[in-house]
Engineer: 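One structure, as structure tokens, below. Some questions next.
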Amino acid sequence: MMLIKKNRGWDIKECHLTDENHFRNRRNLIKGLAAGSILAAGGGSLLGSTSALANAPSPHPIADLFPSKLNPAYPLDRELTLEKYATSYCNFYEFGSSKNITDEAQAMKLEPWTITFDGMVEKEKKVDVYDLIRQMPMEERTYRHRCVEAWSMAVPWTGFAMKSLIDYAKPLSGAKYVRMETLEDKDTMPGLSAFWYPWPYVEGLTIEEATNDLTFMATGIYGKPMPKQNGAPIRLVTPWKYGFKSIKSIVRITFTDERPVSYWEEIQASEYGFWANVNPDVPHPRWPQSHERVLGTNQRVPTMLYNGYGDYVADMYKNIKNEKLFM
Ligand code: MTE
């Protein structure tokens, strides 16, 4: 396997973390200006410059966490996909069934954004997503991504191991699965008018899968906060599974002892199963899986078992019999 080692634009030489209080004070200053409280004290001469400040877009709530340090444990065997392709060729059915939903997705409101933890947990809770992210060990990882539609990409995600999130949630020992749900907002998501689809988008993993080293909660891509079309503010990334498992824009995480039925499984169980592990030898009824088309270059490359991540994940499945592990 050839490793590509070169200096990339988003590689960080050192961390530039803004002190959090400083950052929050700056945000509050801008909010205060917008509300006029500081203007009133400052008098007329300030008016011109402060109203310009007040109109300035407020910084992203976790902007100071980017870029995060690259974790070198997951090197790629290929070039990174150019950012312009990975952020413009998207699947996000809440905004429509085309790949080009970037404009539509901009309507999604990211603040406030609450995540509910419920089901079999020590204590149910609702938390602000940005407060939650700040408690997590942020890092950057490069992963391949393989869609069941036979296209693929290789991208740098920023986020944290899902295991940290599971530790935070404190599931009860009887919980066997994690069920995740995407935002369902009819006002901003035109795709929801397709009433024949089983909204909200749901995905699930076993607890063992959710706590596997590879399983990642991504809050950014290419060293920046996650664009809306890629699943802001937080999404799942399971690189050994077909892309549809990587649920976007998560609002609810439920622990359960019953296997969740995922969105695509509910639509067509004979084509999209719960496990959905990548396997070039198990064709999908509509797409051959032996090869994949690389986004951007359109190169045709062989697909690998578990998308090349078998060393990390194959053991989880060795005792599972009579299950369709690869669809
Ligand atoms: N999550 C939600 N909520 N809605 C979706 O339509 N599409 C899935 C997955 N997560 C989807 C989703 C599919 S099919 C793929 S391949 C990936 O998101 C695509 O991620 P990307 O657009 O960031 O490449």
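Ligands are counted one by one from 1 in listed order, and the atoms in each one are counted from 1 as well.
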Engineer: Mark the output for Ser246 as yes if a heavy-atom distance to ligand 1 is under 4.0 Å, and as no if none is.
Structural biologist: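 Yes; Ser246 lies near enough to ligand 1 that a heavy-atom distance drops under 4.0 Å.
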Engineer: Do any heavy atoms of Glu203 fall under 4.0 Å from ligand 1?
Structural biologist: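 It does not; every heavy atom stays at 4.0 Å or beyond.
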Engineer: Check for a donor-acceptor pair, side chain of Lys170 on one end and backbone N or O of Val121 on the other, with a separation under 3.5 Å.
Structural biologist: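 The answer is no, because no donor-acceptor pair under 3.5 Å joins these two groups.
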Engineer: State whether Arg141 and Asp213 are salt-bridged, where the test is any N-O pair (Lys NZ or Arg NE/NH1/NH2 against Asp/Glu carboxylate O) under 4.0 Å.
Structural biologist: no
Engineer: Touching ligand 1 at all, His145? Heavy atoms, strictly under 4.0 Å?
Structural biologist: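 Yes, His145 has heavy atoms under 4.0 Å from ligand 1.
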Engineer: Side chains of Met327 and Glu271: does their closest heavy-atom pair fall under 4.5 Å?
Structural biologist: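 Side-chain contact under 4.5 Å: no.
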Engineer: Considering heavy atoms of the protein only, find what lies nearest to atom 15 (C) of ligand 1 and give residue, atom and distance to 0.1 Å.
Structural biologist: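 Minimum-distance protein heavy atom for atom 15 (C) of ligand 1 reads Gly243 O, 3.5 Å.
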Engineer: Starting from atom 6 (O) of ligand 1, locate the nearest protein heavy atom and write down its residue, its atom name and how far away it is, to 0.1 Å.
Structural biologist: Tyr93 N, 2.7 Å
Engineer: Under a 4.0 angstrom heavy-atom cut-off, which atoms of ligand 1 come close to Cys90?
Structural biologist: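 The atoms of ligand 1 under 4.0 Å from a heavy atom of Cys90 are 22 (O).
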Engineer: Hey, are the side chains of Ile221 and Pro227 touching, using non-hydrogen atoms and a 4.5 Å cut-off?
Structural biologist: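 Touching, per the 4.5 Å side-chain cut-off.
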Engineer: Out of Thr102, Asn91, Val202, Val155, indicate the one that has the non-hydrogen atom closest to atom 14 (S) of ligand 1.
Structural biologist: Asn91
Engineer: Under the side-chain hydrogen bond (donor to acceptor under 3.5 Å, both in side chains) rule, what pairs show up with a residue in residues 146-155, not counting sequence neighbours?
Structural biologist: Asn91-Glu149, Lys99-Glu149, Arg146-Gln289, Arg146-Glu292, Arg146-Thr303, Glu149-Trp151, Ser152-Glu292
Engineer: Quick check: does Tyr89 get an N/O under 3.5 Å from an N/O on ligand 1?
Structural biologist: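 No: no nitrogen or oxygen of Tyr89 is under 3.5 Å from one in ligand 1.
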Engineer: Going by atom types only, do Asn277 and Trp240 share a side-chain donor-acceptor pair under 3.5 Å?
Structural biologist: yes
Engineer: Just which atoms of ligand 1 are under 4.0 Å from any heavy atom in Thr182?
Structural biologist: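 Listed by number with element, the hits are 3 (N).
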Engineer: Do Tyr317 and Trp275 make a side-chain contact, defined as non-hydrogen atoms from C-beta onward lying under 4.5 Å apart?
Structural biologist: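 Yes, at least one pair of side-chain atoms sits under 4.5 Å.
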Engineer: Using a distance-only test with no angle check, is there a side-chain donor-acceptor pair under 3.5 angstrom linking Thr188 and Asp185?
Structural biologist: yes
Engineer: Could you find the nearest protein heavy atom to atom 24 (O) of ligand 1 and give me its residue, atom name and distance?
Structural biologist: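 Here the closest protein heavy atom is Met153 CE, 3.2 Å.
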Engineer: Cation-pi check, Lys163 to Phe216: give yes when NZ or CZ is under 6.0 Å from the six-membered ring centre and within 45° of the ring axis, no otherwise.
Structural biologist: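 The answer is no, since Lys163 fails at least one limit relative to Phe216.
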Engineer: Given Lys99, Lys248, Glu94, which has its nearest heavy atom closest to atom 22 (O) of ligand 1?
Structural biologist: Lys248
Engineer: Counting heavy atoms only, which part of Tyr201 comes closer than 4.0 Å to ligand 1: side chain, backbone, both or neither?
Structural biologist: side chain
Engineer: What part of Trp151, side chain from CB on, backbone N/CA/C/O, both or neither, has a heavy atom under 4.0 Å from ligand 1?
Structural biologist: side chain
Engineer: Which atoms of ligand 1 have any heavy atom of Arg235 under 4.0 Å away?
Structural biologist: 17 (C), 18 (O), 20 (O), 21 (P), 23 (O)
Engineer: Do Leu305 and Asp281 have side-chain heavy atoms sitting under 4.5 Å apart?
Structural biologist: no
Engineer: Short list, please: which atoms of ligand 1 are under 4.0 Å from a heavy atom of Asn230?
Structural biologist: 21 (P), 23 (O)
Engineer: Which atoms of ligand 1 are found less than 4.0 Å from any heavy atom of Cys147?
Structural biologist: 16 (S)
